[in-house]
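All figures in this text were calculated on a predicted structure; none of them were measured in a lab.
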Amino acid sequence: MIRSARTWDISMPITESMPVYPGDPPPGFTTSLADGVTLTIAHLSLHAGTHVDAPLHVFPDAPDAGQLPWMRLCGPACVVQALATPVDAEQVGCWPLRNRDRVLVRAAPGGCVFTADGARALLGRDIILLGVECLGPDNDDDPRLPVHRILLSASVPLLENLCLRDVRPGRYLLTCLGLPLPGREAAWVRAVLSC
Ligand SMILES: [Zn+2]
């Protein structure tokens with residue numbers, strides 16, 4: 001018997017009322033209807049909705065979203081639950097990760113930002129992608145974005161604004177592709193888990 005795969009769309013719907021990073025404008029849409037034809041112009045940050053950050057986000061001259069190795073965002077992934085925020089090295093040490101894993105973190109009630117030590121612990125566990133169910137892995141009162149810097153300097157892309165509410169911790173296959181945006185520091189993605 002062929003068992004059909006279960007799938008979960010873990011991308012956030014893009015609407016004017018979605019949460020955005022402090023200081024970013026909310027998504028705006030201008031829709032016109034003429035002669036029965038609907039046309040919408042969108043005005044939104046590349047960091048609105050589910051997206052991937054490329055190293056260019058925090059390092060000038062580093063690879064941009066058009067240079068991301070997309071197959072790195074597709075493959076075996078481990079969904080884990082943050083027990084408290086910020087996530088520190090001790091929490092990371094308890095996660096059942098494999099080498100070269102893609103790690104997707106369900107938020108604790110207060111979110112799922114990381115300490116710098118927590119980010120270094122992820123690198124110590126040889127991960128190749130970090131995804132978070134929040135606006136980003138850095139505390140938004142620290143504009144230096146230390147967690148972004150630690151992970152992006154090691155060429156670990158960051159997936160932000162995932163919707164993991166309906167997904168239990170465990171192992172999945174992640175399929176995640178972004179729009180080609182050469183020269184830009186981030187790209188919107190559609191991300192799906194299956195098992
Ligand atoms: Zn971002």
Engineer: Not counting sequence neighbours, list each pair that qualifies as a salt bridge (charged side-chain N to carboxylate O under 4.0 Å, His left out) and has a residue in residues 109-134.
Structural biologist: Asp117-Arg120
Engineer: Is Val52 reachable from Ile10 through a run of I, L, V, M, F, W or Y residues, each pair having side-chain heavy atoms under 4.5 Å apart?
Structural biologist: yes
Engineer: Taking all non-hydrogen atoms of both residues, which atom of Cys176 and which atom of Ala191 are closest, and how far apart?
Structural biologist: SG-CB, 4.1 Å
Engineer: Looking only at heavy atoms, what is the nearest atom pair of Pro157 and Leu152, with distance?
Structural biologist: CA-CD2, 4.0 Å
Engineer: If I take atom CG from residue Asp64 and atom CG from residue Leu181, how far apart are they, to the nearest 0.5 angstrom?
Structural biologist: 9.0 Å
Engineer: Nearest heavy-atom pair of Ala187 and Trp70: which atoms, and what distance?
Structural biologist: CB-CH2, 4.4 Å
Engineer: List, one per line, each side-chain donor-acceptor pair under 3.5 Å for residues 75-87, sequence neighbours excluded.
Structural biologist:
| unit_1 | atom_1 | unit_2 | atom_2 | d |
| --- | --- | --- | --- | --- |
| Gln81 | OE1 | Arg106 | NE | 2.7 |
| Gln81 | OE1 | Arg106 | NH2 | 3.2 |
| Gln81 | NE2 | Ala107 | O | 2.9 |
| Thr85 | OG1 | Val113 | N | 3.1 |

Engineer: Honestly curious: do Leu129 and Leu151 fall in one hydrophobic cluster under the side-chain, below-4.5 Å linking rule?
Structural biologist: no
Engineer: Side chains of Leu122 and Val156, heavy atoms from C-beta outward: is any pair under 4.5 Å?
Structural biologist: no
Engineer: CG/Leu174 to CZ/Arg102 distance, rounded to the nearest 0.5 angstrom?
Structural biologist: 7.0 Å
Engineer: Any chance you could measure Thr7, atom OG1, to Leu173, atom CG, to the nearest 0.5 Å?
Structural biologist: 11.5 Å
Engineer: Find out if a path of hydrophobic residues (ILVMFWY) with successive side-chain heavy-atom gaps under 4.5 Å connects Leu104 to Leu68.
Structural biologist: yes
Engineer: Trp8: what forms a ring pair (Phe, Tyr, Trp, His ring centres under 6.0 Å) with it, not counting sequence neighbours?
Structural biologist: Tyr172
Engineer: When you group the ILVMFWY residues by side-chain heavy-atom contacts below 4.5 Å and let the links chain together, are Val20 and Ile14 in the same group?
Structural biologist: yes
Engineer: For His51 and Ala186, which heavy atoms make the closest approach, and how far apart are they?
Structural biologist: CD2-CB, 4.2 Å
Engineer: Could you tell me whether Gln67 atom CD has more than 12 heavy atoms of other residues or ligands within 6.0 Å of it?
Structural biologist: yes
Engineer: So does Val189 get a backbone contact from the side chain of Thr50, meaning a donor-acceptor N/O pair under 3.5 Å?
Structural biologist: no
Engineer: For residues Leu162 and Val167: do they belong to one hydrophobic cluster (side chain heavy atoms under 4.5 Å, members Ile, Leu, Val, Met, Phe, Trp, Tyr)?
Structural biologist: yes
Engineer: Just list the side-chain donor-acceptor pairs under 3.5 Å for residues 25-46, sequence neighbours left out, or say none.
Structural biologist:
| unit_1 | atom_1 | unit_2 | atom_2 | d |
| --- | --- | --- | --- | --- |
| Thr31 | OG1 | Thr40 | OG1 | 2.8 |
| Ser45 | OG | His47 | N | 2.8 |

Engineer: First locate atom CG of Asp101, then atom CH2 of Trp95, and finally report the distance between them rounded to the nearest 0.5 Å.
Structural biologist: 11.5 Å
Engineer: Just verifying a value: how many Å separate Cys163 SG and Leu193 CG, rounded to the nearest 0.5 Å?
Structural biologist: 11.0 Å
Engineer: Considering only distance and modelled atom types, tabulate donor-acceptor pairs under 3.5 Å from the side chains of residues 134-150, sequence neighbours left out.
Structural biologist:
| unit_1 | atom_1 | unit_2 | atom_2 | d |
| --- | --- | --- | --- | --- |
| Asp138 | OD1 | Val147 | N | 2.9 |
| Asp138 | OD2 | Val147 | N | 3.3 |
| Asp138 | OD2 | His148 | N | 2.9 |
| Asp138 | OD2 | His148 | ND1 | 2.6 |
| Asp142 | OD1 | Arg144 | N | 3.2 |
| Asp142 | OD1 | Arg144 | NE | 3.1 |
| Asp142 | OD1 | Arg144 | NH2 | 3.4 |
| Asp142 | OD2 | Arg144 | NH2 | 2.9 |
| His148 | NE2 | Asp53 | OD2 | 3.0 |
| His148 | NE2 | Glu160 | OE2 | 2.9 |
| Arg149 | NE | Arg144 | O | 2.8 |
| Arg149 | NH1 | Val58 | O | 3.3 |

Engineer: Enumerate the salt bridge (charged side-chain N to carboxylate O under 4.0 Å, His left out) contacts for residues 182-195, please, sequence neighbours excluded, ordered by first and then second residue.
Structural biologist: Asp9-Arg190
Engineer: Could you tell me whether the side chain of Val132 reaches within less than 4.5 Å of the side chain of Leu158, counting heavy atoms only?
Structural biologist: no
Engineer: If you measure from CG on Leu177 to CG on Leu73, what distance do you get to the nearest 0.5 Å?
Structural biologist: 8.0 Å
